[in-house]
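Take a look at the structure set out below.
If you read the sequence from its start, that first residue is 1, and numbering goes on from there.
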Amino acid sequence: MKLDFYYWDMQCPLNSRMLRLLNKYEEHFDITTYNVANDFVLAQQQRMFFPTLTVIDGKQRCFAPLSERFFATLLRGEPVSERPYIIELGREPYEGEILPLTCENMEVAGRCIGRDCRDDCQKKAEFLRQHNGDIFGFINVENGKLLGGLEFVPSITVPYDIPKDENAAFLTCAYLSSDKYDYKSASLAALERHLAEQYSKLIAISDEVSTFPNGDLKWFLDNGFKDEGVISIEPGYCVLHLVTKSLV
């Protein structure tokens, strides 16, 4: 069985973990990995709009993070299936302490993946530092616990097939999604103030109803973004929209 794994460098701390998993199973599968960070053409050819894309035997496209369960399913010869993560999102904003996201507190933001990821978080911090300088976004915390956050890079560095402009920033991550409160809006307000010093527009990608990536679409519309239309459809999994917001 052939597995093609496309990834956007260390944009997510899970990317490093997934590469280790692929190495673990390289004796069982024909695995090829592609870092699309500097290959925009390849990313566009593969219609990438997620930090990773796994293609099974050149046909089935998978978007969720790779796991031991994924490989165990393949080894048993069973089909892999993915379902979008859809919950009834809380809409009431909740603000704890809003902090700039930097190398020093990246491990706090890394808790969005639900596990300790010190080394992987530092790899992500180095990736973001190369693009953003010292501030990578803003996080919403309370008593040292991560509630939510947002991260960005300049749009001209994004391998996805999106409009690229030196005056536009791209929202790479918006987390965490909760059925109780909106933990992201407070971080968004801080991020917008920060970005307005250098950029005139913020660009993002959101699924219509799923929380992955970044969604749902209603959250963006409620926060003043404009829906620029559908940019990708993965049948049975997602309908992705490009959204934009003026910062001037």
Side-chain angles (χ1 to χ4, degrees), residues 1-87 106-107 109-128 130 151 153 157-161 172-173 175-177 205 207 210-215 231-240:
M1 180 177 292
K2 181 171 176 54
L3 299 179
D4 292 311
F5 180 73
Y6 303 86
Y7 66 103
W8 181 9
D9 205 33
M10 295 296 108
Q11 190 268 317
C12 176
L14 284 174
N15 288 8
S16 181
R17 177 178 179 271
M18 286 187 275
L19 288 170
R20 292 194 298 273
L21 268 178
L22 288 163
N23 288 335
K24 178 179 177 179
Y25 288 94
E26 62 183 357
E27 295 182 359
H28 301 278
F29 304 98
D30 178 11
I31 298 173
T32 307
T33 62
Y34 306 87
N35 185 349
V36 302
N38 296 311
D39 196 338
F40 292 9
V41 173
L42 180 61
Q44 292 170 14
Q45 289 174 342
Q46 294 300 320
R47 308 191 318 278
M48 277 190 71
F49 293 100
F50 293 85
T52 62
L53 167 67
T54 306
V55 182
I56 304 173
D57 286 333
K59 298 177 181 179
Q60 184 178 357
R61 294 161 59 84
C62 301
F63 311 95
L66 299 180
S67 64
E68 293 280 5
R69 177 180 296 181
F70 171 88
F71 289 103
T73 299
L74 293 180
L75 288 172
R76 290 195 301 268
E78 298 175 0
V80 172
S81 63
E82 289 187 340
R83 295 181 179 179
Y85 180 59
I86 301 174
I87 63 174
M106 177 57 75
E107 289 178 43
R111 294 172 192 159
C112 68
I113 65 174
R115 58 177 62 88
D116 181 33
C117 62
R118 178 174 302 178
D119 292 341
D120 295 339
C121 284
Q122 287 308 307
K123 291 177 182 177
K124 175 174 180 173
E126 180 58 28
F127 165 79
L128 291 172
Q130 293 174 8
E151 301 167 12
V153 295
T157 69
V158 178
Y160 307 156
D161 189 10
T172 54
C173 296
Y175 50 85
L176 296 161
S177 297
I205 294 170
D207 186 32
S210 172
T211 64
F212 181 58
N214 302 325
I231 58 170
S232 181
I233 298 177
E234 298 289 347
Y237 191 73
C238 64
V239 178
L240 302 182

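- The aromatic rings of Trp8 and Phe127 lie perpendicular to each other, with more than 60° between the two planes, well past the 30° mark.
- Distance alone, capped at 3.5 Å, places no donor-acceptor pair between the Gln46 side chain and the Tyr6 backbone.
- Counting only distance, with no hydrogens or angles, the side chain of Asp207 and the backbone of Phe212 share no donor-acceptor pair below 3.5 Å.
- You'll find the side chain of Lys2 stays beyond 4.5 Å of the side chain of Val55, heavy atoms only.
- Salt-bridge annotation for Asp120 and Arg20: present, with a side-chain N of the basic residue lying under 4.0 Å from a carboxylate O of the acidic one.
- At least one side-chain heavy atom of Phe50 sits less than 4.5 Å from a side-chain heavy atom of Cys238.
- For Arg76, the salt bridge (Lys or Arg N to Asp or Glu O under 4.0 Å) criterion is met by Glu78, not counting sequence neighbours.
- Counting heavy atoms from C-beta on, the side chains of Thr211 and Ile87 come closer than 4.5 Å.
- Of all heavy-atom pairs spanning Cys62 and Glu82, the tightest one is CB-OE2, 3.4 Å.
- Using cut-offs of 30° and 60° for the angle between ring planes, the Phe5 and Tyr7 rings count as parallel.
- Scanning both residues, Phe49 and Pro213, for their nearest heavy atoms gives O-CG, 4.5 Å.
- Residue Arg83 holds its CZ atom at 13.5 Å from OG of Ser210, rounded to the nearest 0.5 Å.
- Every residue two or more places apart in sequence or in another chain was checked for a ring pair (Phe, Tyr, Trp, His ring centres under 6.0 Å) with Phe40, and none qualifies.
- Rounded to the nearest 0.5 Å, atoms CG (Leu75) and NE2 (His28) are 6.0 Å apart.
- Taking every heavy atom of both residues into account, Ala43 and Pro159 meet most closely at CB-O, 3.4 Å.
- At a threshold of 4.5 Å between non-hydrogen side-chain atoms, the residues Leu3 and Ile56 count as touching.
- In this structure, the side chains of Leu42 and Tyr34 come closer than 4.5 Å at one or more pairs of heavy atoms.
- Note that the CG atom of Leu14 and the OG1 atom of Thr52 stand 8.5 Å from one another [nearest 0.5 Å].
- Residues satisfying the salt bridge (Lys or Arg N to Asp or Glu O under 4.0 Å) test with Asp9, not counting sequence neighbours, are none.
- Annotation: side chain of Glu26 is not in contact with side chain of Leu22 (no heavy-atom distance under 4.5 Å).
- In this structure, Phe70 has no ring pair (Phe, Tyr, Trp, His ring centres under 6.0 Å) partners at least two apart in sequence or on a different chain.
- Under the ring pair (Phe, Tyr, Trp, His ring centres under 6.0 Å) criterion, Tyr175 pairs with no residue, sequence neighbours left out.
- With contacts defined as side-chain heavy-atom distances shorter than 4.5 Å, the pair Pro51/Asn15 qualifies.
- In this structure, Met18 and Leu66 approach most closely via the heavy-atom pair SD-N, 3.0 Å.
- Here the CD1 atom belonging to Ile205 is positioned 8.0 Å from the CG atom belonging to Asn214, to the nearest 0.5 angstrom.
- Across Cys121 and Glu107, no two heavy atoms sit closer than the pair SG-CA, 4.1 Å.
- The line from CD of Glu126 to CE of Met106 is 10.5 Å long, rounded to the nearest 0.5 Å.
- The two residues Ser16 and Met10 have their closest heavy-atom pair at CB-SD, 3.7 Å.
- Sorted by first and then second residue, the pairs that involve residues 47-64 and meet salt bridge (Lys or Arg N to Asp or Glu O under 4.0 Å), not counting sequence neighbours, are Arg47-Glu234, Arg61-Glu234.
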